[in-house]
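Here is the structure we will look at.
Just so you know, these numbers use all the heavy atoms, side chains as well, and skip hydrogens, waters and symmetry mates. Just so we're clear, the structure is a prediction, and the values are computed from it rather than from any experiment. Just so it is clear: chains get the letters A, B, ... in the order the sequence lines come, proteins before strands, and each one is counted from 1.
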Amino acid sequence: MLQHLIVLPVVLPLLVGASLLLSRSSSPVLRRTISLVAQAVMVIIAIALVAQAGDGTIRYYALGDWQPPFGIVLVLDRLSASMVLLSSVLAFFACLYSTAGIDETGSNFHGLFLLQLMGINGAFLTGDLFNLFVFFEVLLIASYALLLHGGSKARTLSALHYVVLNLLGSAFFLIALGILYGVTGTLNMADMAVIVTTLDPGRAGLMEAGGLLLLVVFGLKAAMVPLYFWLPRAYAAASAPVAALFAIMTKVGIYSILRVYSLIFTDNAGTLADLGRDWLWWAGLATLVVSMIGVLSARDLRTLVAYLVMISVGTLLTALGMNSVEADSALLFYLIHSTLITGGLFLLVDVIAGQRGKAGARIVRARPLLQAGLLGGLFLIGTAAAVGLPPFSGAIGKVLILTSASPEQQIWLWPLLLLAGLCSMIACSRAGSSIFWRTGKSEPSGDRIGLARGIATGGLLSAALALVVLAGPLSNWTRATAEQLSNPAPYLEALLGKDASPETAPPLKGDEE
Amino acid sequence: MTLLLIVLLPLLGALVPLMARNLPRGRLAWLTAVAPAIALGIAVFHLGDVFAGQTPQFHLPWISELGLDLALRFDGLSALFVLLILGIGLLIILYSRYYLSGEDSLARLYSFLMLFMTAMIGIVMADNLLLMWVFWELTSLTSFLLIGYWYQLSEARKGARMALTVTGAGGLALLAGILVIGHIVGSYQFDDVLAAADQIRSSELYPVVLVLVLLGAFTKSAQFPFQFWLPHAMSAPTPVSAFLHSATMVKAGVFLLARMHPILSGTDLWFYIVSFTGLATLLYGAWFALMKQDLKGVLAFSTISHLGLITLLFGFNSQMAAVAGLLHIINHATFKASLFMAAGIVDHECGTRDIRKLNGLYRYMPHTTILAMVASASMAGVPLLNGFLSKEMFFAESLDAQLLGGLSWLIPALATLGGILSVAYSLRFIHDVFFNGEPKDLPKTPHEPPRYMKLPIEILVLICLLVGILPSLVIKDLLVSASASVLAGPVPEFSLAIWHGFNVPLMMSGIALAGGVGVYALRHHLYSFQRQFRARNALLVFEANIQRLVNLAERSMDSFENGSLQRYMLWLLLTALLFVGIGLLAVPQLSGEFEQQPFDAMLLTGAVITGLAGLGTAITHRKRIVSLLMLSVVGLMTSLAFARFAAPDLALTQLAVEVVTMILLMLALFFLPQRTPKESSARRIMRDVLLASAFGVVIASLNFAILTRPVESISDFFMANAVSGGGGHNVVNVILVDFRGFDTLGEITVLGIAGLAIFKLLNRLRLFMPSSDLDGRSWSPDRHPMILATVSQTLLPLALLVSVYIFLRGHNEPGGGFIAGLVTAVAIILLYIARGVDWTQRWLRFPYQPVAAAGVLIAGLTGAGSWMFGYPFLTSSFGHFTIPVIGEIELATALLFDLGVYLTVVGATLMILANLGKLTTPHRPTKEKS
Amino acid sequence: MLDIALWISIALFAASLMLNVFRLAIGPDLPDRILAVDTMYVNSIALIVLFGIQLNSKAYFEAALLIAMLGFVSTVAVCKYLLRGDIIE
């Protein structure tokens, strides 16, 4: 069974999810149990995958036993293993949170949740560009369904924006795939990486068009300015566990950029080397600017957290734009931190909203909270981590990114990133003081956080400290991951065999007539 | 290791009050004090080493990637501060126990205090600049909690936020400064940085470093022009103020000056920035301390003033000035802490802090009065008290400052002015409050506080006296070792005597004392002078500015994210256009190596029709049903094109999808108005036409460029291996179910989820139903026309037969699970159309969701089945079997997989269409709660 | 001989497709347009059969059969829409 471990993060949620969808009337307890057990098993599998990837070798799994470059492959390296572990952990806690009742406010929650997880994991593991498209579709449509979960006018409206923009993105993905396939004749990313080194100028130009269009698609997923418009409302409207799981959705975009561009558009790619990195850099800075204005403008805690997600996206995009091993390592650290923390914050905000009566998550004066001390403490830790204040995880991630910028980049990045931190600090302190301090006189009421929701929220937010304590080994791991990414030769060799290195690639396609 | 304990013990101590919160207050206080007391013990234990000139250090690697290690040092400077922080901290713990009323949570205060103490100790003991920054920001965060302790008060909330914002922002600047230092030096370890001090000072980045680091120090130490947050931090409980504004928080800023002194000082830039800031702060604080009517306000501004004095001393770039600065840090901490505590007692016993009401308290609390008098005299710099020593040294140093050339005399003059004001407000603190007539309508009748509430003050006042009278004995060792670390070298010889003979500094002291008394006597004239200026409450100004910023942000976000999907789409389209355009510009020649096909009238006709129909779709879009008909022509022509280029199964699939989409759209269109009014302006239409054309041009060019270039693709492999490897002659189907079966598995999952998503979307949806058609005719009364019903019923079995047929042969000839599923679904939909939901559900009882789910499950399990034979997921196998009557057939696992595809397509399609159709019937979905 | 016949018939059907489009465009009424689209389906079936003859593949005939059925269903749906607005009730 061990050799099939790589495919399990896709197959397990698929099978369990589909089984849960077989009947709409089974007992909630049964569905919860099955779903939670499956998620827990997923975490264990993901840990095993990380352990496997830890030795630095790149493994692949040929689906249908069709060897690359012809069949679809799933590839396990440090990056994909870490991402799968991250998504599994996040999903486990989000799912645990939902079992306190949100899962039953609509139909088929757990089935859809697992299928969404399948889509995310598939996107992280696949080594095939078309297959990546398929998983993008899976996670798009599943997230659309989950976004509607529980139903409300705001959800339906934001879901419309979300799905329309992303469907257009999918169309672009297909066009981009058409271009790339038309130029290279392959869909396997490794194969494409080899072929891209042999292109004549005409084909290279087309490849550039395709590659940049792909950047639009990934940028849309990652919520890069000016393609981010779907994010704030969708995240603010989604039910808590869904919003928490969505914390990794933008990271799917970031991951895809990292994977595709570090593999295909490398230094060997001639004129296509480092394609799009400049754009990423400037778009990242623009995202920082827009999101720091956004975070100040938030009138609602959920929107506030949504813009905190955007700030993390901007930070990550600038790190992608820097295109160095240090930056990649820093961005991975920051990515792990921001995913867990913003996920936890979405859950926390839901608990807070539940204790504030009609005011909900709006940042206005309302009744005192039932568990003000506990929730206030968690809120402080969570927002401080998200803002990037020490001694929490965000500070480490942010400093890592700040230091990995080159001197010319520092002039832009430092003021903006520090200013973004200041803006979010102002916004979070205002929100926190309104909600926890400026309370009215009425008696506290509402739902206590309870065990399941407490473990889920606390579990995710504990990352704020855990990532700091473990920062040493973790940053070593991200460093090793970044180094693995910076040298694609072993990847190509593992998938395509020894002779696959760019020097011995086949001659120019155009000459073969 | 014991060094680590000094930091960790208070941290653990933060948990103690939380766990012991139900104990009586007295015991709670004692328990809380245990951890810092032990830490203090450890610190004292190390003092011997420090005085002997050693520096105990502790080093634990942490984040090598960042150069951030858990490194602690205990040099003279650290020792001085650790003693102050822990010593005064312990006194504050005792004092708070009496100060806080029963309604306020003592445990919460203690817990925050201990956290804050940890952060402060961390700053002063950090041996790594980044680590110091970590603790630095932690003080901002914990002081936010402390200042906002009485969060019911608006003042406290706003004051806390303002302090956090200002000091937090300064912290960010400090971080930037530290990172630049790290960039220059290549390490954040203090010893490395110290060793590279010359390198830093000569670096072209030095001004940047200096300004950033000083921003951090000045915001924290409330130096002009960042002084405004400090007076408003006074809304904290008095023990907190006593701690924050004597020994800790604000001292972190001057600590930073001291710490960075050997690294950054010694340049003209340092002198100008630091000394001028200090001088301005000194005078500004002193003036307003005299003007304030709030007891704590007086102390707050006097704190600002004294911090300015310390800053000024560090700015002098002279070794003795730095020594004086350190001495004043100690002195200020002791007398200011005791003054704050005395003010707290007054507040606590009288119920007000308004100096205009407080008078003549001597009669009610003589003991407290004496303590306050001593501390106040020390603040004024009266001989025999510690404040006198540092003030003398300050005056002496001000005389030596020469950098201003001909204007150098200004510095001692202004220093004396500061001294005069300082004497005046000290006098005021005593005379106005404790003497000067009778108290005016106090809320409470004052009396002496509990015995132990005064104990901390007594201890501090004793220290003031001891240092003042026997300075060499009490303080010299500590001061020398602290100076050694600040100067990073030999300490100049100095004597801590009270009497240096008649000299200029003594004269300045005399002038200050006499002048102070004079100023105090004339204070009412000064008040009326000050009243001419409009009083500006910094808190309100700050809040208003933040509010303006937030409003601006809200306005700009509301106009940028205006909720218009069209605008969002425009951005997306423009970005895509830009990026693809960039790529196309890089293509030197659009057409590739292929010869172009001969011109063909048929193709031209097809293209013209498709183009016209496409245009028609757009032009007639306001009459939706017409537009839909046009669209269906586009679909039809596309499938004809597939047929023309020898892909019959694609043509079939395209058409089946087309029909399903048509029905879907009609179901949805019914709920929309039949006609849409004309809403778009001409300009907007022009914009959209241009955008669409540009897109068309770009996509067409891309297509042309790619299709005219030959490519060696993996499809050749599929062609070659379809029969041998996949067991099928229909390559398209073999690709779908075998070569790329994993994609298909994903896509049928998408289809199944889409069904569920639409089910969720439709839940509880109630929509408007129009009562007449496009031209205003009312609907026909005949719901289910007889002919249609009969025909469709006959069609169903035939359609099912066909779908089974094309399903089974799919692996070898056009067909397969996908098309078969669509055909089945279309046939069943026809029944819905002809017979209605009621009838159809009576005959077809099965729900569709399980069908779709089972389909996905079958496909998935088929894939997992290959594990049993030791092959990877989705590995297919096939064989030929002979079955009686039917003959030889080929069975492949792919067929099972295809069955899954078939079921999913049927289930999902029906789920989508039937649920949408059911909206107008009593069978509508209602599960979703809203 | 067959080739010429094929080309002539393809050309004629293409022309009729054009005429259908013309009818679809001018209307004047919805039923006219529906009829135009339905006729287009019929003409397309004819074209596909002709392609089948041209390429000598019997797969096209089955495809034509199915297209006939799908065309029927889509016309029925549009007609139902015309009559009742709500096509599934």
Side-chain angles (χ1 to χ4, degrees), chain B residues 601-602 605-606 608-609 612-613 616 625-626 629-630 632-633 636 639-640 643-644 646 648-649 651-652 655-656 658-659 662-663 666-667 669-670 769-770 773-775 779-780 782-783 785 788 792 795 799 802 806 813-814 823 826-827 829-830 832-834 836-837 913-914 916-918 920-921, chain C residues 7 10-11 13-18 20-22 24-25 27 29-30 32-38 40-41 43-45 47-52 54-55 57-89:
Chain B
M602 254 313 292
T605 316
V608 167
I609 295 178
L612 285 178
I625 184 73
V626 178
L629 285 177
M630 298 281 188
S632 79
V633 173
L636 184 63
S639 82
L640 271 182
R644 171 69 181 71
D649 45 0
L652 207 54
L655 209 62
E658 182 68 26
V659 169
M662 277 271 284
I663 296 174
M666 272 190 285
L667 283 168
L669 283 188
F670 173 59
M769 288 202 278
D773 71 2
L774 184 60
D775 301 320
W779 303 118
S780 150
D782 189 3
R783 283 179 162 226
L788 179 55
S792 55
L795 198 61
V802 170
I806 56 178
E813 280 173 85
V823 170
V826 166
I829 283 300
L830 186 61
Y832 271 99
I833 296 177
V837 176
L913 293 182
L916 201 53
K918 283 178 197 169
T920 54
T921 70
Chain C
W7 275 118
I10 288 179
F13 277 111
S16 59
L17 274 182
M18 286 297 265
N20 292 146
V21 172
F22 180 65
L24 179 64
D29 235 341
L30 203 50
D32 303 302
R33 294 194 163 105
I34 294 174
L35 265 177
V37 173
D38 194 44
M40 282 190 88
Y41 270 99
N43 287 331
S44 311
I45 294 166
L47 271 176
I48 287 178
V49 172
L50 288 173
F51 290 150
Q54 201 176 26
L55 297 170
S57 153
K58 66 178 191 214
Y60 280 83
F61 295 98
E62 287 160 12
L65 197 73
L66 281 168
I67 290 177
M69 182 192 127
L70 293 169
F72 169 72
V73 174
S74 96
T75 308
V76 163
V78 184
C79 290
K80 184 78 193 298
Y81 185 87
L82 193 63
L83 281 180
R84 295 278 311 158
D86 189 9
I87 59 175
I88 296 179
E89 32 187 359

*Atom CD1 of C:I87 and atom CD1 of B:I829: how far apart are they, to the nearest 0.5 Å?*
8.0 Å
*Measure distances from B:I806 to the heavy atoms of chain C and classify the residue's part below 4.5 Å as side chain, backbone, both or neither.*
side chain
_Proximity breakdown for C:L50 and chain B, heavy-atom pairs closer than 4.5 Å_ = neither
*asked:* If I measure from the heavy atoms of chain C, does B:M666 come under 4.5 Å with its side chain, its backbone, both, or neither?
replied: both
*asked:* Is B:A613 close to chain C through its backbone or its side chain, or both, or neither, when contacts mean heavy atoms under 4.5 Å?
replied: neither
*Determine, stepwise, if the pair B:R644 / C:L47 fulfils side-chain contact (heavy atoms from CB on, under 4.5 Å).*
CA-CA 9 Å; B:R644 171 69 181 71; C:L47 271 176; over 6 Å; no
*Are any of the side-chain heavy atoms of B:K918 and C:I88 separated by less than 4.5 Å?*
no
*Any side-chain heavy-atom pair of C:N20 and B:V633 under 4.5 Å*: no
*Could you tell me whether the side chain of C:V76 reaches within less than 4.5 Å of the side chain of B:S792, counting heavy atoms only?*
no
_Closest approach of C:A14 to B:M602 (non-hydrogen atoms, all atoms of both residues)_ = CB-SD, 3.9 Å
*Is it the backbone or the side chain of B:L636 that comes under 4.5 Å from a heavy atom of chain C, or both, or neither?*
side chain
*Which heavy atom in C:I48 sits nearest to a heavy atom in B:A643, and how many Å separate them?*
CG1-CB, 4.0 Å
_At a heavy-atom distance under 4.5 Å, which candidate from C:S44, C:A25, C:A11 has the highest pair count against chain B?_
C:S44
*May I ask you to test the C:L83-B:D782 pair for a side-chain heavy-atom distance under 4.5 Å?*
no
*asked:* If you count every heavy atom of other residues, nucleotides or ligands that lies below 6.0 Å from C:F22 atom CZ, does the total exceed 12?
replied: no
*Tell me, out of B:T605, B:L913, B:V608, B:L629, who's got the most heavy-atom pairs with chain C below 4.5 Å.*
B:L629
_Taking every non-hydrogen atom, the tightest pair across C:Y81 and B:W779_ = O-CZ3, 3.5 Å
*Checking heavy atoms, do the side chain of B:L788, its backbone, both or neither come under 4.5 Å from chain C?*
side chain
*Roughly how far, to the nearest 0.5 Å, is the CE atom of C:M18 from the CG atom of B:L612?*
6.5 Å
*asked:* If the condition is side-chain hydrogen bond (donor to acceptor under 3.5 Å, both in side chains), which residues does B:D649 pass it with, not counting sequence neighbours?
replied: none
*By a 4.5 Å heavy-atom criterion (distance strictly below it), what part of B:V802 contacts chain C: side chain, backbone, both, or neither?*
side chain
*Measure C:L55 against the heavy atoms of chain B and call it side chain, backbone, both or neither at under 4.5 Å.*
side chain
_Heavy-atom contact with chain C under 4.5 Å, split by part of B:A656_ = both
*For C:A77 and B:I833, which heavy atoms make the closest approach, and how far apart are they?*
CB-CD1, 3.9 Å
*Minimal non-hydrogen separation, C:R84 against B:F670, with atom names*: O-CE1, 4.2 Å
Identify each donor-acceptor pair in which a side-chain atom of residues 66-73 of chain C lies under 3.5 Å from a protein atom, sequence neighbours left out, and give them as a table.
none

